[in-house]
Peer 1: 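Could you have a look at this structure, given as structure tokens, before my questions?
Residue numbers start from 1 in every chain, and the chains themselves are labelled A, B, ... in the order their sequence lines are given, proteins ahead of strands.
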Number of protein chains: 4
Amino acid sequence: MPRPATGRKKEAILDAAVVEIASHGYHGTTVAMIARRAGVADGTIYLYFRNKEEILVSLFDRAMDRFVEQGARELADLTEPAARLGRIIELHLELVGSDRDLAIITQVELRHSLHFLDQLSRAKVGAYLQAIAAIIAEGQAAGLWRTDLEATLLAKAVFGVLDEMATDWVLSRRNTRLQARAEAVAAFVTGALRPLP
Amino acid sequence: MPRPATGRKKEAILDAAVVEIASHGYHGTTVAMIARRAGVADGTIYLYFRNKEEILVSLFDRAMDRFVEQGARELADLTEPAARLGRIIELHLELVGSDRDLAIITQVELRHSLHFLDQLSRAKVGAYLQAIAAIIAEGQAAGLWRTDLEATLLAKAVFGVLDEMATDWVLSRRNTRLQARAEAVAAFVTGALRPLP
Amino acid sequence: MPRPATGRKKEAILDAAVVEIASHGYHGTTVAMIARRAGVADGTIYLYFRNKEEILVSLFDRAMDRFVEQGARELADLTEPAARLGRIIELHLELVGSDRDLAIITQVELRHSLHFLDQLSRAKVGAYLQAIAAIIAEGQAAGLWRTDLEATLLAKAVFGVLDEMATDWVLSRRNTRLQARAEAVAAFVTGALRPLP
Amino acid sequence: MPRPATGRKKEAILDAAVVEIASHGYHGTTVAMIARRAGVADGTIYLYFRNKEEILVSLFDRAMDRFVEQGARELADLTEPAARLGRIIELHLELVGSDRDLAIITQVELRHSLHFLDQLSRAKVGAYLQAIAAIIAEGQAAGLWRTDLEATLLAKAVFGVLDEMATDWVLSRRNTRLQARAEAVAAFVTGALRPLP
DNA sequence: AATGAATGAGGCTTCATTCAT
DNA sequence: TATGAATGAAGCCTCATTCAT
């Protein structure tokens with residue numbers, strides 16, 4: 001039986017880390033800063049994380065888990081490839097747009113080193129890309145979408161569009177909602193996948 | 001009297017920085033590492049750069065200047081929006097793909113902090129985005145491309161695709177050439193911009 | 001719960017600083033030297049002092065506090081201006097003369113920059129000067145001392161004499177005791193304050 | 001035959017050093033700063049001075065030489081001890097007060113290390129003290145001044161008063177003239193030296 | 001005599017991590 | 001589990017000094 005206190009303190013540390021890293025960057029954030037905001041002692045951090053880097057990893061993992069979990073739930077009763085892809089686009093922008101601090105981390109901080117981007121993010125991002133590719137392949141098989149380009153490449157293109165929208169939103173000072181762009185992005189993607197005449 | 005050595009030493013430092021930062025990351029690279037590879041004393045670095053961060057900035061500026069310069073030259077005699085956009089796609093992948101170390105920096109290291117990505121990169125990237133948007137707007141005006149979406153948004157989408165391809169290539173261990181994807185990307189973009197029926 | 005170790009470690013650092021700075025000068029003393037002598041790690045210094053300069057400031061503050069405290073105690077039951085001034089002279093030379101290392105710092109090292117001497121020392125020295133001036137003014141009012149010169153100026157003169165004696169003693173190699181000059185200095189000052197005929 | 005150009009450049013360096021050291025302190029002033037203000041190259045400094053410290057030494061020597069020279073001239077036709085001492089007081093305050101930058105150096109910067117104050121300044125200051133002591137001894141022998149205290153001690157006391165007045169003036173922001181205090185100081189000293197009843 | 005680019009030793013300071021309590 | 005004082009390695013940067021021109 002999991003002790004609730006344990007999970008709660010770990011969560012508190014992660015929550016604190018999101019805020020601090022979002023505003024000071026990963027290297028600009030000290031373990032002490034995270035500890036102070038989380039309301040724990042510096043040493044306590046090391047009861048839950050092997051080292052500073054693991055906090056960042058856990059942060060990303062937690063976000064991805066939530067994303068995957070919600071995605072699985074929301075896509076469960078959608079069978080049409082177009083509907084599924086549209087929902088993914090919505091979800092992606094919705095989730096990234098729902099927490100600017102976390103978005104700063106996923107769109108900016110997590111990309112700060114080859115080592116990092118490669119070993120950690122990409123593993124999960126790879127699975128995400130494959131999920132998109134599967135949907136696209138399905139649509140291609142159903143004759144809905146262009147088949148002159150591989151589903152894998154198309155998936156990367158779609159991801160690239162989503163990622164750029166997210167980054168652009170994070171970097172823009174304007175007080176817009178990322179989610180508001182979902183419709184346009186969906187229109188773009190849908191148009192891009194049309195079969196060639 | 002022009003002192004050729006001056007420019008040359010600064011270039012040597014930047015060249016050394018590209019290699020070191022590409023393989024150890026910005027924070028994993030010490031000024032001493034760069035100096036050693038450049039064949040100068042540590043202190044010499046500071047005759048040419050105010051601090052470590054300025055090396056990274058200069059690196060990006062140099063790369064962007066070369067990019068812009070070559071872009072301007074190559075696009076000079078192309079008038080057709082489709083041709084211009086196609087050439088930009090080729091150039092983007094060609095230039096990023098021509099120097100993997102530099103690509104690692106532009107695709108990964110430069111994105112390590114909001115401050116950085118915001119103040120430095122985005123200023124120049126913004127100009128690039130606008131250049132693409134202008135071409136797209138031209139194509140829209142000529143009735144070549146879909147007009148249901150704003151040129152600005154379409155430009156971001158196109159950039160997102162290019163950027164994702166570049167990042168994907170940087171992170172993939174496979175010995176492929178980024179440039180090889182130019183044709184497929186162009187096909188994708190061309191298809192995506194088709195007018196709606 | 002009071003942690004006695006804390007205060008003690010800070011004291012140890014200050015004690016070590018006195019010795020090192022006295023023999024190598026402020027600029028010739030490194031933080032590492034102080035740490036080694038104090039038996040702590042370099043970083044520990046920064047748990048107690050914001051930076052190297054603050055060590056010097058604290059040194060002076062601690063010395064002044066002790067001086068003021070002892071001065072207040074010793075002057076408490078003296079009412080006669082002459083007795084009070086005489087006691088101050090004794091105390092000044094006694095305290096400066098009781099710790100040659102500390103004396104080197106107060107007489108020499110602390111005067112190493114306008115900024116320093118101005119902002120730090122002078123604030124406290126100013127209060128000291130005023131205390132002397134008050135005693136002199138009292139003596140003047142009582143008709144004991146010359147009134148053709150302002151008490152403020154006379155106080156500076158008295159301080160100048162004490163300070164010069166202290167500096168002279170610090171710089172002299174001879175193994176004399178500074179305190180031994182108290183009587184002569186008192187005689188000088190007493191004579192100097194005599195009313196004009 | 002001395003080359004005039006040589007002397008002139010050395011003077012320029014010393015003049016520049018006075019200004020820079022007065023406003024940034026000895027340790028806060030770099031050789032490059034002095035060189036820039038003097039209008040010479042960094043390396044040129046080393047054609048005239050062995051190292052940075054020697055600049056400070058030369059500065060003091062030059063000032064003392066001028067002081068001694070002027071003192072000798074002005075005291076030449078004064079025979080009365082009282083007049084001679086009075087003139088010294090005037091001269092001391094006049095010369096220190098005539099160049100605030102130089103005063104900052106003599107009153108503050110030169111005292112920044114035992115090594116310095118000891119080896120360099122004190123040698124010359126010692127001669128100065130002896131000159132004052134000689135005058136006082138003369139006055140004592142003539143029965144003008146108190147004899148219960150040694151001339152050497154009295155000389156230090158007088159010097160202490162002058163030095164404190166100078167330091168006080170340097171540290172005070174007020175726009176007063178140091179020389180204006182000469183009369184009061186002379187009155188104090190004269191009174192202090194009166195024979196005991 | 002003069003230059004000023006280049007040197008490189010060394011200092012201050014930060015901060016991830018540990019460990020005795 | 002929790003603490004937080006202590007550690008000490010390591011980095012950025014400065015600047016007095018040199019030397020080829």
Peer 1: Is it true that A:Asp15 and A:Arg62 make a salt bridge, defined as a side-chain N closer than 4.0 Å to a carboxylate O?
Peer 2: yes

Peer 1: Return the value, rounded to whole Å, for the distance between atom OH of D:Tyr48 and atom C1' of F:dT17.
Peer 2: 18 Å

Peer 1: Could you pull out every donor-acceptor pair under 3.5 Å between side chains of residues 35-47 of chain C and any protein atom, sequence neighbours left out?
Peer 2:
{"from": "C:Arg37", "atom 1": "NE", "to": "C:Glu20", "atom 2": "OE2", "distance (Å)": "2.6"}
{"from": "C:Arg37", "atom 1": "NH2", "to": "C:Glu20", "atom 2": "OE2", "distance (Å)": "3.2"}
{"from": "C:Thr44", "atom 1": "OG1", "to": "C:Ala41", "atom 2": "O", "distance (Å)": "3.4"}

Peer 1: Of the nucleotides F:dC12, E:dA1, F:dT18, which has the atom closest to the D:Tyr46 side chain?
Peer 2: F:dT18

Peer 1: Base, sugar-phosphate alone, or nothing: which one does D:Thr30 contact when heavy atoms must sit under 4.0 Å apart?
Peer 2: sugar-phosphate

Peer 1: Calculate the interatomic distance between C:Leu47 atom CG and F:dA5 atom P; express it in whole Å.
Peer 2: 7 Å

Peer 1: Given that B:Gly43 and C:Thr44 both sit by DNA chain F, which one's nearest nucleotide is further toward the 5' end?
Peer 2: C:Thr44

Peer 1: According to a strict under-4.0 Å criterion, is C:Lys9 in side-chain N/O contact with OP1 or OP2 of F:dA6?
Peer 2: yes

Peer 1: Atom CG of B:Leu56 and atom C1' of F:dC12: how far apart are they, to the nearest Å?
Peer 2: 16 Å

Peer 1: Please report the closest heavy-atom contact between D:Phe49 and D:Glu54, naming both atoms and the distance.
Peer 2: CA-OE1, 3.4 Å

Peer 1: Please compare B:Ala32 and C:Val40 by the position of their nearest nucleotide in DNA chain F and report the one closer to 5'.
Peer 2: C:Val40

Peer 1: Name the stems that DNA chain E belongs to, where each is three or more consecutive Watson-Crick or G-U pairs with both distances under 3.5 Å?
Peer 2: E:2-21 with F:2-21

Peer 1: In terms of the nearest nucleotide of DNA chain E, which residue is placed more toward the 5' end: A:Arg50 or D:Ala41?
Peer 2: D:Ala41

Peer 1: Between C1' on E:dT17 and CD1 on A:Ile13, what's the gap in Å once rounded to a whole number?
Peer 2: 15 Å

Peer 1: NZ of D:Lys52 versus P of F:dT14: gap in Å, rounded?
Peer 2: 15 Å

Peer 1: Taking CE from B:Met33 and P from F:dG11, how many angstroms apart are they, rounded to a whole number?
Peer 2: 7 Å

Peer 1: Starting at CG of D:Asp42 and ending at P of F:dA20, how long is that distance when rounded to a whole Å?
Peer 2: 18 Å

Peer 1: To the nearest angstrom, how far is D:Phe49 atom CZ from E:dA1 atom C1'?
Peer 2: 15 Å

